[in-house]
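Values in this document were obtained by computation on a predicted structure and should not be read as measured data. By convention in this document, chain letters (A, B, ...) are assigned in the order of the sequence lines, proteins followed by strands, and residues within each chain are numbered from 1. Just so it is clear, the values below take in all heavy atoms, side chains as well, and ignore hydrogens, waters and symmetry mates.
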Amino acid sequence: MKPLVKLENVTTGYHSEPVLKNVDLEVFTDDFVGVIGPNGGGKTTLVKVILGVLPVFSGKVSFPGQKPQMGYLPQISQIDKSFPITVRELVASGLKTQHPFWPSLGKKQKAQLSDMLEQARLTHLASRPIGELSGGQVQKAMLCRALISRPDLLILDEPNTFVDKVFEQDLYRWLQELKKEMAILLISHDIGTISPMVKTIACVNGNLHYHPSNQLTEDILKVYNCPVDIIAHGPVPHRVLKDH
Amino acid sequence: MSEFFSILEYSFFRNALAAAFLTSILSAMVGTYIVSRKIVFITGGVTHASFGGIGMAYFLGMSPLLGAAVFAVLSATGIEWMSQKGKVREDSAIAILWSLGMALGIIFVFMTPGYTPNLLSFLFGNILSVGRSELYIMLGFAIVVALVFVIYFRPVVQTAFDPEFSKIMGVPVLFFRYLMATIIALAIVVSIRSVGIILVLSLFTIPQITAMLFTRSFARIIPFAALWGITGSVLGLFSSYVFNIPSGAAIIFFLTLQFLLVKLVIVLRDSLLRGRNSAVGQH
Ligand SMILES: Nc1ncnc2c1ncn2[C@@H]1O[C@H](COP(=O)(O)OP(=O)(O)O)[C@@H](O)[C@H]1O
Ligand SMILES: [Mg+2]
């Protein structure tokens, strides 16, 4: 089986300053990867290089099959909640238009949009600007924006910070369904909450260490900060991409 | 009162009214983008940079507005380019641009032999002297901008709100960002004649902020801002004529007055509602 995304020895960062070094990772169609690591460890940087919005300094990011459709829920702190955009406009911005220079929505897409809003129970809020919504409602709308194009790979960047418990429960219920249809990359700095859900765990702290299980072993906890040498000798087998 | 309306018979006054309408509608569209993206300071930098172009054009004996347009477009797209690169701290770069533009303008005007009578009207605006050809330029440009906003509403709003996500969705982000930078620059230059360099920024922000007291949806801010812009600038225009004061200052005065009055009404209404609610014991 070909992976959806393949990172080989990737080094990336900002303004030629490397943040992530020599990262190897493969994400397959039925994967549910939990990405953990300390603040500033490079979790967001990792997803941005997968999404193609950050330059690859060295190494290679490839899509061995057809280029997958990616759905992205950015970290809430990246979003300007005071921006005057309505829920409907926000969710619709997740739809690809027929042509980049002819941006109107077709009939089918409009139906898709109202379906999505209906499913998420956001219809009654559709015309409301996001500034009038609760944090959880904004997150939900942003999740709809990521899902509306039926992605092959769903990337969620810390969806469980600063939001209400109601959204969090909704989210986890949704993820149980969604994981049957798409690959998921779920970032969190909270290993405890996500580990029961995910299949595998990637620990990111300047480098990336992949654990092909979701077990919270003593060692994984100990290496929560992912020091290189400890993890390389942990009892958990590692998926080593370099040697295949 | 009849004397008040008799001034409508003068063509210069009708031109001024038309200019007030057109700049209000133009700045309603462009200003909503500016306020939404929180790039008011950048817009100020571009405005003042354009003064360098005015001075240079004077010195070279060319059209001042053409000089302003060249400087404004270059600085607006330059700032967009810098922010794409992310290498320069944006605010300090803009401060340099801001003051350098003014300095160049002053130097060139100073070096230009003879008296430069129109200079004050560029700094403070003189809507009462807007001519027919300038009106046509305003009209043409307002139509172009309106078309861009109608046809490209989705990508314009989307690339302003979340350029990174737009890029992932395959939207030509750079194209729309540079297009909007150019539109902002030209909209400023076209409005300079009405309110002047020093005050043009207010035309692109105060009606929008007033509108945002009622709505926080991009599409709905624009007509509200146009309305507030028109009432403020028509009031300013009349008082500019009646009291013989600079039109720009008069217009901005009324735009601000409107904002303060509306804000006051809203604050009073809210405190009344709150008072009633707590009296009933709700909440
Ligand atoms: N836009 C940026 N420009 C420069 N440095 C950045 C930028 N974004 C993140 N960084 C740096 O990259 C490192 C990793 O950040 P990030 O990927 O956001 O970490 P995480 O998501 O794990 O908290 C941090 O040291 C941060 O300071
Ligand atoms: Mg992050």
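Side-chain contact between A:Phe83 and B:Val157 is present, with heavy atoms from C-beta onward closer than 4.5 Å. You'll find the side chain of B:Met212 stays beyond 4.5 Å of the side chain of A:Ser82, heavy atoms only. No side-chain heavy atom of A:Thr86 sits under 4.5 Å from any side-chain heavy atom of B:Phe218. By the 4.5 Å heavy-atom criterion applied to side chains, B:Phe161 and A:Ile130 are counted as neighbours. Contact check for A:Met142 versus B:Phe165: no side-chain heavy atoms found under the 4.5 Å cut-off.
Both the backbone and the side chain of B:Glu164 come within contact range of chain A, with heavy atoms under 4.5 Å apart. In this structure, chain B has heavy atoms under 4.5 Å from both the backbone and the side chain of A:Arg145. Both the backbone and the side chain of B:Ile151 come within contact range of chain A, with heavy atoms under 4.5 Å apart. For A:Ser93, the parts lying under 4.5 angstrom from a heavy atom of chain B are both the backbone and the side chain.
Nearest heavy atom pair, residue B:Arg154 against residue A:Leu95, reads NH2-O, 3.9 Å. Summarising the geometry of A:Lys96 relative to B:Met169, their closest heavy-atom pair is CE-O, 3.4 Å, with the distance given to 0.1 Å.
Under a cut-off of 6.0 angstrom, the local environment of CZ in B:Phe253 is sparse, with at most 12 non-hydrogen atoms contributed by other residues, nucleotides or ligands. Within a 6.0 Å sphere centred on NZ of B:Lys263, other residues, nucleotides and ligands contribute 12 heavy atoms or fewer. The neighbour count for A:Lys199 NZ, taken as heavy atoms of other residues, nucleotides or ligands under 6.0 Å away, is above 12. Within a 6.0 Å sphere centred on NZ of B:Lys38, other residues, nucleotides and ligands contribute more than 12 heavy atoms. Around atom CZ of A:Phe32, more than 12 heavy atoms belonging to other residues, nucleotides or ligands sit under 6.0 Å away.
Across A:Gly52, A:Pro74, A:Ala92, the residue that shares the most heavy-atom pairs under 4.5 angstrom with chain B is A:Ala92. In terms of heavy-atom pairs under 4.5 Å with chain A, the best-connected choice from B:Thr215, B:Val171, B:Asp162 is B:Asp162.
Here A:Ile85 contributes atom CD1 and B:Gln158 contributes atom CD; the two are 7.5 Å apart, rounded to the nearest 0.5 Å.
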